[in-house]
Amino acid sequence: MSELRPIPPMAGTEGWRDAPLDPVDEPLVAVAALHTRIHDVPRYHAAGLAGALPAGWVRRGVGERLVAALDDLPADVGLTVWDGYRPHATQSALFNTYVDELALVHPDWPADALEEAASRYVTPPSRSRVAPPPHLTGGAVDLTLCDRDGVPLDLGTDFDAFVPQAGARALEDVPGPARDNRRRLFWALSAQGFTNYIEEWWHYDLGNQFWGHVTGGVARYGPAPDPAAG
């Protein structure tokens, strides 16, 4: 079963584009087909975001590790996946929407300041094959713990709550169910080799350059082909 030890200090991802990448040919797999305790709930499609797919996809190796992580969770707890592979159009829409939201709050900020602030939570869109956004690789997954019916448990904030409380370790000094659930999710996925993005408790990486930068390993997931195209 997953542990409730404190989440340790973790490295940030600044400089991730310089992490070495040696792409492998590994397919995407459907989240819905992974396991009965893994629930596919594509939030961006439900919100009508441009290009968002009606079903979730991750690299095969990511899917296998998610299934293995279930062994470290209580039998009545599963995983709800909100996002995995993310098309370029969706990445662009998400980034531009957040920049526009920041502009309303900070009308005096220049464009470069708005984009820099937005990039804390949303990677700028890019078609680069040597430094693709993490979700474009299929090696990033946004997820949470859930009950038997797929209803998310309390982890302190909603998905895409771009606030300090969403930081992976933000609740370490706040005892309660939300802190315990963050710890449970962290240790279950860490045991399978995933790394957690320091700014977002829900974002985990495996095999992409975020992961490679944090672990010192060579990333193996470059841009993945859009499953909707084939």
Side-chain angles (χ1 to χ4, degrees), residues 13 16-17 19 21-34 38-66 79-102 114-144 150 158-162 166 189 194-197 199-200 202-213 219-230:
T13 55
W16 66 269
R17 291 175 178 83
L21 171 63
D22 185 14
V24 299
D25 184 14
E26 183 179 301
L28 294 169
V29 295
V31 170
L34 293 176
I38 298 179
H39 303 265
D40 183 28
V41 183
R43 288 277 293 266
Y44 292 139
H45 183 265
L49 206 63
L53 301 177
W57 299 81
V58 294
R59 293 281 189 160
R60 181 176 59 198
V62 172
E64 291 170 350
R65 300 291 184 91
L66 291 178
L79 298 170
T80 287
V81 175
W82 290 318
D83 191 35
Y85 167 81
R86 186 184 300 165
H88 180 269
T90 309
Q91 189 71 30
S92 296
L94 186 61
F95 184 78
N96 293 334
T97 296
Y98 189 38
V99 168
D100 290 343
E101 291 174 358
L102 288 172
L114 292 169
E115 292 177 358
E116 181 179 357
S119 66
R120 176 179 177 183
Y121 294 105
V122 184
T123 303
S126 170
R127 295 187 185 276
S128 171
R129 302 199 67 80
V130 297
H135 277 281
L136 187 65
T137 72
V141 59
D142 295 334
L143 76 173
T144 191
D158 194 6
F159 173 48
D160 274 3
F162 298 150
L189 293 185
F194 287 90
T195 58
N196 188 191
Y197 179 46
E199 301 286 1
E200 299 172 348
W202 57 82
H203 179 112
Y204 283 82
D205 296 284
L206 182 74
N208 59 25
Q209 284 166 295
F210 266 30
W211 170 90
H213 179 79
R220 56 184 179 270
Y221 296 144
D226 188 337

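Remember, predicted model here, so these are calculated numbers, not experimental data.
Taken from CD1 in I38 to CG in L79, the straight-line distance is 5.5 Å, to the nearest 0.5 Å. Remark: L49 CG to T97 OG1 distance equals 6.0 Å, nearest 0.5 Å. Distance NE2/H39 to CH2/W82: 13.0 Å, rounded to 0.5 Å. Between the CG atom of L136 and the NE2 atom of H88 there is a distance of 7.5 Å, given to the nearest 0.5 Å. Interatomic distance, CZ of F95 versus CG of D100, reported as 10.5 Å (0.5 Å rounding).
Proximity of L34 to V81: side-chain heavy atoms (C-beta onward) are nowhere separated by under 4.5 Å. Between L53 and D226 the shortest side-chain heavy-atom distance falls below 4.5 Å. Side-chain contact between P134 and R86: absent, with no pair of heavy atoms (C-beta onward) separated by less than 4.5 Å. Between L189 and N196 there is no side-chain heavy-atom pair separated by less than 4.5 Å. Using a 4.5 Å heavy-atom cutoff, the side chains of L206 and R220 are in contact.
The two residues D158 and W202 make their nearest non-hydrogen contact at O-CZ3, 3.6 Å. Nearest heavy-atom pair across P133 and P124 is CG-O, 3.8 Å. Of all non-hydrogen atoms in G222 and P23, the two that sit nearest each other are N-CB, 4.3 Å. Smallest separation of non-hydrogen atoms from T123 and Q91: O-NE2, 2.6 Å. The two residues G63 and V58 come nearest to each other via the heavy atoms N-CG2, 3.8 Å. The minimum heavy-atom distance between R59 and G139, with the atom names listed, is CG-N, 4.2 Å.
Looking only at atom types and distance, the side chain of Y197 has no donor-acceptor partner in the side chain of D142 under 3.5 Å away.
Q209 places a side-chain N or O within donor-acceptor distance of the main-chain N or O of A19, the cut-off being under 3.5 Å. With T137 contributing its side chain and P223 its backbone, the two residues share no donor-acceptor pair below 3.5 Å. Listed for the R65 side chain is no donor-acceptor partner under 3.5 Å among the backbone atoms of F194. Remark: side-chain polar atoms of T144 are not paired, donor with acceptor, to backbone N or O of T80 under 3.5 angstrom.
The six-membered or imidazole ring of Y221 lies away from that of Y85, with a centre-to-centre distance of 6.0 Å or more.
Applying the side chain to side chain donor-acceptor pair (under 3.5 Å) test to R120 and every residue at least two apart in sequence or in another chain returns E199. Partners of Y121 according to the ring-ring contact (aromatic ring centres under 6.0 Å, His included) rule, which considers only residues two or more places apart in sequence or in another chain, are F162.
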Stepwise, does the side-chain contact (heavy atoms from CB on, under 4.5 Å) test hold for L94 with H135? CA-CA 12 Å; L94 186 61; H135 277 281; over 6 Å; no
Report the C-alpha separation of L66 and L143 in whole Å, then their side-chain angles, then the decisive distance to 0.1 Å, and conclude whether the side-chain contact (heavy atoms from CB on, under 4.5 Å) test is met. CA-CA 10 Å; L66 291 178; L143 76 173; 3.9 Å; yes
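By the 30° and 60° cut-offs, the orientation of the rings of F210 relative to W16 is perpendicular.
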